[in-house]
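What you see is a predicted model; the values in this text were computed from it and never measured.
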Amino acid sequence: QVQLVESGGGLVQPGGSLRLSCAASGLGSHAVGWFRQAPGKEREGVSCINSSGRSTYYEGSVEGRFTISRDNGLNTVYLQMNDLKPEDTAVYYCALEPVCMGSRITPRPGYYNWGQGTQVTVSS
């Protein structure tokens, strides 16, 4: 079992930016996905990246605004979020080995254990 630690969330005005981090020992050998859950809504996949960082995928509403990247030397995956909108408000989580099919990003059974997450609030 790998302990993933999300950080970087906070309160930001619409149009602002945040960079989330997902860190864990050995993360560099895994694909990683970002997920989010807003109050009253299902958890949804946001983005994913393969182990090398050469392949990335995005949910449609964040395409062009969010960028996923990684630094395997630091065992960290990032989610740069630009032009944030109130609809982006949610708790953001990361997970290993997501199933990534174009804009459809889902957790892989047996490879997720939702932890604390990091809260992103977009509000004026």
Side-chain angles (χ1 to χ4, degrees):
Q1 59 278 31
V2 179
Q3 299 291 327
L4 305 182
V5 179
E6 301 98 341
S7 63
L11 174 64
V12 66
Q13 294 184 18
S17 298
L18 286 171
R19 187 173 75 160
L20 307 184
S21 297
C22 173
S25 179
L27 200 65
S29 65
H30 294 279
V32 175
W34 283 100
F35 300 81
R36 66 186 180 186
Q37 188 166 29
K41 298 184 68 177
E42 291 283 302
R43 180 176 284 107
E44 67 173 344
V46 176
S47 184
C48 64
I49 188 168
N50 73 347
S51 61
S52 71
R54 296 189 182 98
S55 296
T56 59
Y57 301 85
Y58 299 93
E59 185 271 326
S61 72
V62 311
E63 181 84 51
R65 298 189 297 121
F66 292 9
T67 303
I68 191 169
S69 64
R70 66 193 305 154
D71 186 334
N72 286 346
L74 297 178
N75 284 311
T76 302
V77 171
Y78 304 98
L79 186 67
Q80 178 68 47
M81 306 186 296
N82 297 327
D83 192 25
L84 283 161
K85 305 177 184 299
E87 308 90 84
D88 297 316
T89 295
V91 178
Y92 284 70
Y93 306 87
C94 56
L96 300 178
E97 303 295 351
V99 178
C100 305
M101 300 174 287
S103 63
R104 289 184 59 84
I105 300 158
T106 56
R108 187 180 299 271
Y111 284 85
Y112 64 90
N113 184 13
W114 310 117
Q116 190 74 20
T118 186
Q119 176 73 49
V120 171
T121 303
V122 184
S123 176
S124 59

Identify the two heavy atoms, one from [X] and one from [Y], that lie closest to each other, and give their separation to 0.1 Å.
{"X": "P14", "Y": "S124", "answer": "CD-N, 3.7 Å"}
{"X": "G28", "Y": "N75", "answer": "N-OD1, 3.2 Å"}
{"X": "S47", "Y": "Y57", "answer": "OG-O, 2.8 Å"}
{"X": "L4", "Y": "A24", "answer": "CD2-CB, 3.3 Å"}

[X] versus [Y]: any side-chain heavy-atom pair under 4.5 Å?
{"X": "V91", "Y": "T118", "result": "no"}
{"X": "L96", "Y": "L27", "result": "yes"}
{"X": "T56", "Y": "T67", "result": "no"}
{"X": "V32", "Y": "C22", "result": "yes"}
{"X": "Y112", "Y": "F35", "result": "no"}

Atom CD in Q3, atom CG in N113: separation rounded to 0.5 Å?
7.5 Å
To the nearest 0.5 Å, what is the distance between SG on C94 and CD1 on I68?
9.0 Å
Of all pairs that satisfy side chain to side chain donor-acceptor pair (under 3.5 Å), the ones with a partner from residues 18-35, not counting sequence neighbours
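Sorted pair list: H30-E97.
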Test: side chain to side chain donor-acceptor pair (under 3.5 Å). Region: residues 76-90. Which pairs qualify, not counting sequence neighbours?
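For residues 76-90, and leaving out neighbouring residues, the side chain to side chain donor-acceptor pair (under 3.5 Å) pairs sorted by first residue read S17-N82, R36-D88, R65-D88, Q80-N82.
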Check for me, please, whether L79 and V12 land in the same ILVMFWY cluster - side-chain distances under 4.5 Å, paths through other members count.
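Same cluster.
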Y93 reachable from V122 in the ILVMFWY side-chain graph, under 4.5 Å edges
no
Counting N and O atoms only, with roles assigned by atom type, does the side chain of [X] sit under 3.5 Å from a partner on the main chain of [Y], one being a donor and the other an acceptor?
{"X": "E59", "Y": "I105", "value": "no"}
{"X": "R70", "Y": "N50", "value": "yes"}
{"X": "N72", "Y": "S52", "value": "no"}

Under the rule for side-chain hydrogen bond (donor to acceptor under 3.5 Å, both in side chains), what residues qualify as partners of Q116, not counting sequence neighbours?
none
So if I apply the side-chain contact (heavy atoms from CB on, under 4.5 Å) rule between Q37 and each of R43, E42, E44, which one comes out positive?
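Of the listed options, the one satisfying the test is R43.
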Does R104 have more than 12 heavy atoms from other residues, nucleotides or ligands lying within 6.0 Å of its CZ?
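No, CZ of R104 has 12 or fewer neighbouring heavy atoms, counting only those of other groups under 6.0 Å.
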